[in-house]
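Reviewing the structure listed below.
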Amino acid sequence: MADFTVRLMPSNQSFTVKNGELILDAAIRQDIEVPYSCRNGTCRTCLFEVKEGYVQQEDADLCMISEQELEENRRLICMSLCRSDAILEKASPRRRRQV
């Protein structure tokens with residue numbers, strides 16, 4: 001399977017994500033500085049908006065991300081996989097509403 005290219009905005013940094021590799025893991029592997037803390041989808045530090053491409057949120061029911069955020073193309077990159085090349089922009093975290 002092919003690798004994917006991710007570009008982060010506004011820094012314009014690009015890096016390669018292997019098929020099946022979490023986006024955050026790929027960034028760390030290539031010394032790309034991205035904000036993160038927990039690495040399990042609960043701190044929301046690594047919340048990005050997908051501007052272009054397809055990024056799949058893994059275990060969305062376990063992460064601190066709402067259905068509304070998913071519909072707005074927001075993803076927690078510590079628990080997300082690329083399914084195409086993508087452009088991501090750092091999003092400001094919002095508190096998840098309790099249902």
Side-chain angles (χ1 to χ4, degrees):
M1 290 286 231
D3 293 345
F4 303 108
T5 299
V6 170
R7 184 164 40 121
L8 301 179
M9 302 305 287
S11 68
N12 209 32
Q13 293 178 293
S14 293
F15 60 98
T16 302
V17 180
K18 296 176 183 176
N19 188 44
E21 182 178 31
L22 295 171
I23 297 170
L24 178 61
D25 290 343
I28 291 169
R29 177 175 52 79
Q30 295 166 81
D31 296 321
I32 302 294
E33 290 189 33
V34 292
Y36 72 94
S37 183
C38 68
R39 296 186 64 132
N40 64 13
T42 57
C43 75
R44 299 175 52 80
T45 304
C46 67
L47 184 66
F48 279 79
E49 183 176 342
V50 180
K51 294 297 194 175
E52 289 183 23
Y54 177 52
V55 173
Q56 179 179 332
Q57 182 72 58
E58 293 291 293
D59 297 322
D61 55 329
L62 302 175
C63 296
M64 295 297 293
I65 193 162
S66 69
E67 285 296 322
Q68 180 181 355
E69 287 174 311
L70 291 170
E71 290 170 7
E72 294 171 349
N73 290 323
R74 291 170 175 246
R75 303 291 184 271
L76 297 166
I77 65 168
C78 70
M79 298 291 291
S80 292
L81 302 172
C82 280
R83 297 298 184 211
S84 72
D85 292 343
I87 297 174
L88 308 177
E89 184 171 20
K90 181 67 178 108
S92 55
R94 296 189 298 240
R95 293 271 182 219
R96 182 178 179 187
R97 291 188 335 194
Q98 298 296 326
V99 180

List the steps, then state whether side chain to side chain contact (heavy atoms under 4.5 Å, CB included) holds for Leu22 with Leu81.
CA-CA 5 Å; Leu22 295 171; Leu81 302 172; 3.8 Å; yes
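- Put simply, OG on Ser80 and CZ on Arg74 are 13.0 Å apart, with the number rounded to the nearest 0.5 Å.
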Should Phe15 and Asp31 be marked as a side chain to side chain contact (heavy atoms under 4.5 Å, CB included) after you check the CA-CA gap, both sets of side-chain angles, and the distance that decides it?
CA-CA 9 Å; Phe15 60 98; Asp31 296 321; over 6 Å; no
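- In terms of modelled atom types and a separation under 3.5 Å, the side chain of Glu21 and the main chain of Val17 share no donor-acceptor contact.
- Distance alone, capped at 3.5 Å, places no donor-acceptor pair between the Glu89 side chain and the Pro10 backbone.
- Here the straight-line distance linking atom CD of Glu52 with atom CZ of Arg7 works out to 7.0 Å at 0.5 Å rounding.
- Residues Arg75 and Ile65 share a closest heavy-atom pair of CA-CD1, 3.9 Å.
- Among all heavy-atom pairs drawn from Cys78 and Gly41, the shortest one is SG-N, 3.2 Å.
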Please lay out, stage by stage, how Ile28 and Tyr36 fare under the test side chain to side chain contact (heavy atoms under 4.5 Å, CB included).
CA-CA 10 Å; Ile28 291 169; Tyr36 72 94; 3.6 Å; yes
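- For Ser84 (side chain) and Tyr54 (main-chain N/O), a donor-acceptor pair under 3.5 Å exists by modelled atom type.
- A distance of 10.0 Å separates CG of Asp25 from CE of Met79, quoted to the nearest 0.5 Å.
- Two residues are said to be in side-chain contact when any heavy atoms from C-beta on lie closer than 4.5 Å; Cys38 and Thr45 fail this criterion.
- How far CD1 of Ile23 is from CD1 of Ile32: 13.0 Å, rounded to the nearest 0.5 Å.
- Note that CE of Met64 is 10.5 Å distant from SG of Cys43, once rounded to the nearest 0.5 Å.
- Nearest heavy atoms, Arg39 versus Leu24: CG-CD2, 4.0 Å.
- Glu33 approaches Gln13 most closely through the heavy-atom pair O-OE1, 4.0 Å.
- Put simply, the side chain of Lys90 gets close to the backbone of Leu47: a donor and an acceptor are under 3.5 Å apart.
- At a threshold of 4.5 Å between side-chain heavy atoms, the hydrophobic network of Ile, Leu, Val, Met, Phe, Trp and Tyr places Phe48 and Leu76 in two separate groups.
- Between Ala60 and Gln57, the shortest heavy-atom distance links the atoms CB-CG, 3.9 Å.
- The two residues Cys82 and Phe4 come nearest to each other via the heavy atoms O-CE1, 3.4 Å.
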